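A quick write-up on the structure given underneath.
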Amino acid sequence: MNKSNMPVSDKNSPVKYCFFMTGNEPWLELARELHNTGVATPVLWLGDDRHYEGAKSTFGDSVVRMLDFVHRPVDIPKINYLGEYSEFFATKDYLDAKDICLKMMDRLDLNGTFSRIDREVYFHKLLIWALKFFYEKKPDAVLMIEKPHSHAQYLIFRVARYLGLPTAHFKDCALMPVNFLQKEDGSFVKRAQNIDPSLLARFESTVNEYVDTLKELSCSKSSFSPHYMVRQRNDARLGNRIKKIFSVETLYVLRYAASDIKLLLDKKYRATNPYRFFFVSRYLVKRSRQRNLYNAIASSIHEVNFNNDYYYFPLHYEPERTTNPDGEAYHDQFKVLVLLRRFLPSNIDIVVKEHPSQFLMADRGSRGRSPLFYQLVNNIGGITLAGPEVDSFDLMRNSEGVATITGSVALEASLLGKPAIVFGQAWYAGCPNVVSWSEVESYDTFSKCAVASVDDVRNFLVRLISNYGVPMINNCGQLNMYKECWYDDSFVSSQHDGMRGLIESFIDSEVKKRVN
């Protein structure tokens with residue numbers, strides 16, 4: 001069957017969709033409501049396993065375990081693949097998806113022993129499962145609470161995109177608990193109903209406070225940290241780390257001990273731990289990887305010469321969604337630096353600074369960055385790797401401009417009156433002073449663009465939220481962050497109505513129009 005001839009559901013029957021959800025309870029209730037009212041029903045449910053039993057009771061065999069698909073795909077029952085949609089293997093989509101998925105598997109590589117050859121087996125087992133699934137079930141669309149950043153969800157999403165199915169995911173605003181439903185082309189679904197006036201007023205107040213804070217920084221020597229960075233630094237304090245050891249980490253130790261016992265009894269080959277490291281060995285490996293990363297950056301940083309003309313490129317924390325997959329073709333930060341170097345005149349340097357989270361979240365950060373990366377970056381001409389003590393806002397204020405994949409630094413720079421280049425799909429796309437890499441023609445043309453005012457940026461943010469945003473907290477991490485200040489009955493009700501409204505608009509405008 002040619003992919004362009006995939007049948008779609010009858011326009012009067014419920015839309016069949018694949019649903020990737022996070023751990024927040026409201027998404028299960030919303031999916032049930034869409035199912036019970038005949039709007040849409042999932043033919044594949046792949047989400048947080050804390051809702052596995054609840055989803056299974058409603059949607060039956062459409063529900064699969066995230067644990068199996070992400071951590072143990074080789075244990076998925078025999079597929080009996082007969083070459084369905086096998087032309088995918090000969091496409092650029094296959095190569096792109098493979099590159100992105102294998103890098104996403106860094107999240108699983110706790111011991112530094114998850115080899116490429118084993119990762120390829122994971123990838124190919126999931127790929128033939130997905131190709132056969134789409135051939136047999138023929139879903140109409142893929143709907144995601146956030147852009148998939150597990151390799152299993154992302155691969156299924158890429159197969160759906162290759163087959164021409166409408167896809168959409170909610171994209172969060174970094175300033176407040178607001179989300180937008182983003183289509184494949186990067187545009188947002190327009191909201192049909194109004195936001196609760198009291199919530200909208202709070203959102204606009206948050207925008208104004210943020211804009212005014214950044215505006216003052218343009219002519220001062222002060223700095224600013226996003227709320228999530230404040231929280232990470234607070235968690236990294238010695239007292240809080242000790243508390244964590246005797247609370248959360250104690251549970252991890254017990255879990256690891258149970259895992260070690262199973263490892264002794266289980267004779268199966270485990271790709272993420274092929275040498276059967278036990279807890280002590282794993283701990284020593286983790287500490288060694290963290291130490292190697294610290295030592296590597298300490299020997300690679302140089303003093304920044306603020307008298308030179310330069311562009312500022314703050315590295316993204318990895319592994320994280322903001323680069324992979326939000327960067328798509330530009331998820332590789334070294335590739336982006338090479339392209340930026342070619343774009344800028346030779347007399348303009350590039351100052352690079354590591355993301356603080358790479359060390360504040362050292363356990364995961366050491367999985368996402370090779371100690372050799374910093375030395376590699378220094379091979380690019382005109383690059384200065386700044387130390388952690390150099391203030392990011394000093395680097396922005398003294399720069400010619402900023403470049404990033406999707407980071408909020410571009411939005412901050414726009415409010416400081418600096419031009420910014422964004423390589424990936426950022427939630428603030430279209431913001432004044434921010435230009436997508438795909439739209440940049442030459443440095444000469446780009447450098448002559450007029451700088452928009454602070455109020456232009458302010459008005460853009462207010463319009464964006466007013467026209468496209470819904471009150472929404474899409475994952476458990478954000479729920480912990482926002483729950484105390486935002487998560488009351490009014491918010492929960494507005495979240496449900498807003499999400500349902502955007503999903504139904506997406507179904508009407510993008511899915512049902514495929515029905516002949």
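All values derive from a computational prediction rather than experimental measurement.
A salt bridge links Arg161 with Glu328: the closest approach of a Lys/Arg side-chain nitrogen to an acidic carboxylate oxygen falls below 4.0 angstrom. Using a 4.0 Å cut-off between charged nitrogen and carboxylate oxygen, Asp96 and Lys92 count as a salt-bridge pair.
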Derivation of the side-chain contact (heavy atoms from CB on, under 4.5 Å) call for Ile405 and Val336
CA-CA 8 Å; Ile405 299 177; Val336 170; 4.1 Å; yes
Run the numbers on Met21 and Asp48 for side-chain contact (heavy atoms from CB on, under 4.5 Å), then give the verdict.
CA-CA 6 Å; Met21 67 165 283; Asp48 194 299; 5.6 Å; no
List the steps and the verdict of side-chain contact (heavy atoms from CB on, under 4.5 Å) for Leu127 and Phe89.
CA-CA 9 Å; Leu127 177 56; Phe89 284 86; 3.6 Å; yes
Between Glu33 and His496, does a side-chain hydrogen bond (donor to acceptor under 3.5 Å, both in side chains) hold up when you go through it step by step?
CA-CA 10 Å; Glu33 183 177 309; His496 177 89; 2.8 Å; yes
Could you please spell out the steps behind the salt bridge (charged side-chain N to carboxylate O under 4.0 Å, His left out) verdict for Glu320 and Arg364?
CA-CA 10 Å; Glu320 185 53 90; Arg364 283 186 283 173; 5.5 Å; no
side-chain contact (heavy atoms from CB on, under 4.5 Å) assessment of Arg369 paired with Leu315
CA-CA 11 Å; Arg369 188 85 78 226; Leu315 292 172; 3.8 Å; yes
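Checked against ring-ring contact (aromatic ring centres under 6.0 Å, His included), Tyr487 has the following partners two or more places apart in sequence or in another chain: Phe491. Every residue two or more places apart in sequence or in another chain that forms a side-chain contact (heavy atoms from CB on, under 4.5 Å) with Ser115 is listed here: Ile117, Asp118.
The closest side-chain heavy-atom distance from Phe423 to Ser436 is not below 4.5 Å. Looking at Val178 and Pro471, their side chains never come closer than 4.5 Å, going by heavy atoms from C-beta outward. At least one side-chain heavy atom of Leu502 sits under 4.5 Å from a side-chain heavy atom of Phe170. Counting only heavy atoms from C-beta outward, the side chains of Trp427 and Leu175 approach each other to under 4.5 Å.
Of all the heavy atoms in Arg50 and Gly23, the pair that sits closest is CD-O, 3.5 Å. Annotation for Tyr482 and Ala174: closest pair OH-O, 4.0 Å, computed over non-hydrogen atoms. Summarising the geometry of Ser414 relative to Val457, their closest heavy-atom pair is OG-CG1, 3.8 Å, with the distance given to 0.1 Å.
Remark: side-chain polar atoms of Asn273 are paired, donor with acceptor, to backbone N or O of Phe277 under 3.5 angstrom.
A side-chain N or O of Thr41 and one of His35 form a donor-acceptor pair less than 3.5 Å apart. Under 3.5 Å, the side chains of His149 and Asp326 contain no donor-acceptor pair of N or O atoms. Between the side chains of Gln478 and Asp172, at least one donor-acceptor pair of N or O atoms lies under 3.5 Å. A donor-acceptor pair shorter than 3.5 Å cannot be found between the side chains of Asn24 and Thr22. Between the side chains of Asn208 and Arg458, a donor-acceptor pair is found at a separation under 3.5 Å. Side chains of Ser490 and Asp488: no donor on one and acceptor on the other come within 3.5 Å. A donor-acceptor contact closer than 3.5 angstrom links the side chains of Glu146 and Asn475.
Taking the ring axis of Trp27 as reference, the NZ or CZ atom of Arg32 does not stay both within 45° of it and closer than 6.0 Å to the ring centre. Cation-pi geometry between Arg65 and Tyr52 is met: under 6.0 angstrom from the ring centre, within 45 degrees of the axis. For the pair Lys137 and Phe134, the NZ or CZ position fails the cation-pi test of under 6.0 Å to the six-membered ring centre and within 45 degrees of the ring normal. The cationic atom of Arg119 (NZ for Lys, CZ for Arg) does not lie both less than 6.0 Å from the six-membered ring centre of Tyr122 and within 45° of the ring axis. Remark: Lys335 is positioned above the aromatic ring of Tyr330, its terminal NZ or CZ atom under 6.0 angstrom from the ring centre and at most 45 degrees off the axis.
Under a cut-off of 6.0 angstrom, the local environment of CD in Glu209 is sparse, with at most 12 non-hydrogen atoms contributed by other residues, nucleotides or ligands. In this structure, Asn36 places its CG atom where more than 12 heavy-atom neighbours from other residues, nucleotides or ligands lie under 6.0 Å away. By the 6.0 Å contact criterion, OH on Tyr275 is open, its count of non-hydrogen atoms from other residues, nucleotides or ligands being 12 or less.
Atom CG in Asp106 sits 9.0 Å away from atom CG in Leu108 (nearest 0.5 Å).
Aromatic ring centroids of Phe69 and Trp129 lie under 6.0 Å apart. Ring to ring, Phe157 and Tyr154 are close: their centroids are under 6.0 angstrom apart. A ring-centre distance under 6.0 Å is not found for Tyr468 and Phe180. Annotation: Phe19 is in aromatic contact with Tyr17 [ring centroid separation under 6.0 Å].
Taking the six-membered ring where the residue is Trp, Trp437 and Phe343 present perpendicular rings, their angle passing 60° and hence far from 30°.
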